[in-house]
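Read through the structure below, which is laid out as structure tokens, and then see the notes.
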Amino acid sequence: MDEAVTLADRIILLEDGRVTMDQRISLPRPRKRKDPEFLTLAEEILEHVMGDEAGLINGEEEKVQQMVHTS
């Protein structure tokens with residue numbers, strides 16, 4: 001998901017032929033992967049795709065939450 005947030009201006013997810021997520025990315029360029037907004041967006045998209053398993057797959061759920069709550 002990091003690559004999508006880094007490169008895209010808009011992310012559209014399709015499930016069963018329907019748009020289930022249409023997210024505009026308005027972060028300034030160049031985008032920094034450690035930026036709390038970047039991490040939040042990437043995690044949100046991953047959770048949408050993977051469901052509850054997202055945090056377990058990328059192993060960064062706690063890290064993202066810490067960064068979001070400390071900024």
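Note that the coordinates shown come from a computational prediction; the quantities given were computed from them, not determined experimentally.
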*Rounded distance (nearest 0.5 Å) linking atom CE of Met1 with atom CD of Glu47*: 11.5 Å
*Measure the shortest side-chain to side-chain distance between Ile12 and Met21 over non-hydrogen atoms and say whether it is less than 4.5 angstrom.*
no
_Pairs meeting criterion salt bridge (charged side-chain N to carboxylate O under 4.0 Å, His left out) with involvement of residues 13-28, two or more places apart_ = Arg10-Asp22
*asked:* Just to verify, what does Leu7 make a side chain to side chain contact (heavy atoms under 4.5 Å, CB included) with, not counting sequence neighbours?
replied: none
_Pair Lys32, Glu37 - check side-chain contact (heavy atoms from CB on, under 4.5 Å), show working._
CA-CA 9 Å; Lys32 297 176 175 76; Glu37 282 185 77; over 6 Å; no
*Heavy-atom pair of closest approach, residues Ala8 and Ile25*: O-CB, 3.5 Å
_Do Val19 and Leu14 have side chains that approach each other closer than 4.5 Å (heavy atoms only, starting at C-beta)?_
yes
_Minimum heavy-atom distance between Val5 and Arg31, given as atom pair plus value_ = O-NH1, 2.7 Å
*Taking all heavy atoms of Asp2 and all of Ala42, pick out the closest pair and write down the distance.*
OD1-CB, 3.5 Å
*asked:* I need the Leu46 CG to Leu39 CG distance, nearest 0.5 Å.
replied: 12.0 Å
_With a 6.0 Å cut-off (strictly less than), is the heavy-atom count around CD of Glu44, excluding the residue itself, greater than 12?_
yes
*Output the distance between atom CD1 (Ile11) and atom CD1 (Ile45), rounded to the nearest 0.5 Å.*
3.5 Å
